[in-house]
There are 2 protein chains.
Amino acid sequence: MRVLLVEDDVILGEAIRDSVAAHGHGVDWVKRLDEAGLSLDTVAYDLVLLDLNLPDGFGLKFLKELRGKGSDVPVIIVTAQDQIGVRIEGLDSGADDYLVKPFDLDELTARLAAVARRYAGQPNPELDVGEARVDLTRKVARIGDKQIELTAREWAVLETLLRHRGAIVSKPDIEDSLYEFGAEVESNAVEVYVSRLRKKLGAKVIETVRGLGYRVAA
Amino acid sequence: MRVLLVEDDVILGEAIRDSVAAHGHGVDWVKRLDEAGLSLDTVAYDLVLLDLNLPDGFGLKFLKELRGKGSDVPVIIVTAQDQIGVRIEGLDSGADDYLVKPFDLDELTARLAAVARRYAGQPNPELDVGEARVDLTRKVARIGDKQIELTAREWAVLETLLRHRGAIVSKPDIEDSLYEFGAEVESNAVEVYVSRLRKKLGAKVIETVRGLGYRVAA
DNA sequence: TTTGCCACGTCAGTTTGCTGTCAGCTTGAT
DNA sequence: ATCAAGCTGACAGCAAACTGACGTGGCAAA
């Protein structure tokens with residue numbers, strides 16, 4: 001399951017991201033509403049965790065506009081405002097649920113599980129990636145009948161590339177999806193993982209765009 | 001097949017009764033535990049559907065007493081309490097299966113069909129798990145002729161893994177199936193249960209995917 | 001009540017294999 | 001031809017996972 005986290009607080013954001021990731025879901029973390037809009041336009045998310053107190057705008061307005069555009073992605077509002085009026089307004093604006101800070105992370109994973117249950121009812125989307133077929137949800141990859149084993153980091157890189165399938169993904173972007181914010185990458189780790197993925201999935205699946213990044217053909 | 005339905009909610013009770021009847025089974029519907037006791041003393045039922053939240057007593061206690069009297073009629077618990085602790089307790093008390101409200105009626109008929117198969121003398125769907133054969137419905141496992149005894153929590157872990165057979169199941173997901181939300185797991189309990197299952201079922205049945213979780217090969 | 005038994009959760013010491021790093025090589029642009 | 005960018009085999013370190021052992025508590029039999 002792929003989750004978009006919209007949260008400007010670094011401490012809380014990290015905690016939420018780690019918790020969600022530990023449950024095996026992919027997490028994209030943005031800190032502003034305009035970034036959120038961009039991500040939502042390009043990626044099909046299964047759930048949005050939306051903080052209402054963001055520096056660059058009003059979350060509720062954003063949520064209303066999102067619904068106005070016809071999106072029905074489940075949205076859980078996360079906020080410090082526990083006033084009942086805001087809560088009502090949030091649900092009126094199209095939120096599916098409401099979490100008031102500070103909240104227990106278990107509280108969050110419980111809601112997450114509820115959404116995941118709904119999501120699990122859908123057939124698993126298997127993607128063709130070169131010779132291989134991959135299932136990002138179940139973390140299963142195979143070429144023909146042969147099962148391919150990918151490690152955690154390899155899945156992370158592949159997922160990032162596939163999420164922007166057809167587009168060029170820069171190395172720093174991949175690093176950001178691999179490590180926490182501010183992590184020092186003093187090496188060519190991304191190149192190494194691309195190399196490992198190619199060895200497992202076939203040399204042609206990941207294309208190098210010299211000076212810009214990598215791309216998986218759509 | 002003759003089914004005893006113990007359910008005080010009229011709406012839900014009617015829905016269940018109609019659904020079961022539509023599948024060609026006979027249904028007796030009682031709304032209190034004392035009635036249920038009476039019916040069980042006089043009629044040989046093939047299956048009991050037991051709501052735990054009844055006005056006149058505790059379903060679990062009733063179930064334990066029933067088992068204490070030597071009855072081995074299959075019992076499926078139907079309840080709104082979706083806390084895992086209750087679920088474990090229910091299975092410990094001698095229930096054969098567990099349905100959490102609100103549930104799909106298809107869900108019910110599927111379990112019903114499993115019981116019906118057993119009733120008809122046909123082999124229950126036994127799963128091959130490595131060297132072992134397990135029957136999740138009857139909670140029976142064996143290797144060759146040798147019966148394997150699994151504890152309640154071992155069954156819970158194995159069931160979770162088999163429900164997602166072929167997919168990688170994260171440790172937090174397994175924990176969620178083991179404990180209620182909010183339960184602090186300050187240890188490596190999941191690892192320990194995996195270890196115990198491997199010792200009983202064979203080392204190769206549960207595969208470790210480092211950093212992601214566990215998997216039972218499809 | 002006492003006794004014994006067993007499932008459960010915890011811990012510590014050990015094992016495992018992923019991960020990040022580097023060095024030397026290849027490739028592509030100019 | 002030259003240089004920068006990218007590729008990949010190898011390897012040590014370390015965090016994740018394994019497992020034997022133990023204390024506790026609940027349940028049942030005596």
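Since we're looking at a predicted model, the values are computed, not measured. A note on names: the letters A, B, ... follow the listed sequences, proteins ahead of strands, and every chain is numbered from 1.
Taking the side chain of B/Thr151 as heavy atoms from C-beta on, and the options C/dC8, C/dG9, C/dT21, the nearest nucleotide is C/dC8.
Looking at A/Asp135 and A/Arg142, no side-chain N of the basic residue comes within less than 4.0 Å of a carboxylate O on the acidic one, giving no salt bridge. Look at A/Glu7 and A/Arg17 and you find no salt bridge, because none of the NZ, NE, NH1 or NH2 atoms lies under 4.0 Å from a carboxylate O. Between B/Asp128 and B/Arg133 there is a salt bridge, with a side-chain nitrogen of the basic residue lying less than 4.0 Å from a carboxylate oxygen of the acidic one. Using a 4.0 Å cut-off between charged nitrogen and carboxylate oxygen, A/Arg2 and A/Glu159 count as a salt-bridge pair.
For A/Val30 against A/Glu35, the heavy-atom pair with the smallest separation is CB-CB, 3.7 Å.
Side-chain N/O atoms of A/Lys171 include one lying less than 4.0 angstrom from OP1 or OP2 on D/dG6. Regarding contacts with the backbone of C/dG20, a side-chain N or O of A/Arg153 is found under 4.0 angstrom from either OP1 or OP2.
Here the P atom of nucleotide D/dA16 and the CG atom of A/Asp18 are 12 Å apart, to the nearest Å. Atom CD1 of B/Ile174 and atom C1' of C/dG9 are 16 Å apart (whole Å). Atom CD1 in B/Ile168 sits roughly 14 Å away from atom C1' in C/dC18 (whole-Å rounding). The separation between A/Asn188 atom CG and D/dA5 atom C1' is 11 Å, rounded to whole Å.
A heavy atom lying under 4.0 Å from DNA chain C marks the following residues of residues 191-214 of chain B, by number: B/Val192, B/Tyr193, B/Arg196, B/Arg210.
Other residues, nucleotides and ligands place more than 12 heavy atoms under 6.0 Å from the CD atom of A/Glu149.
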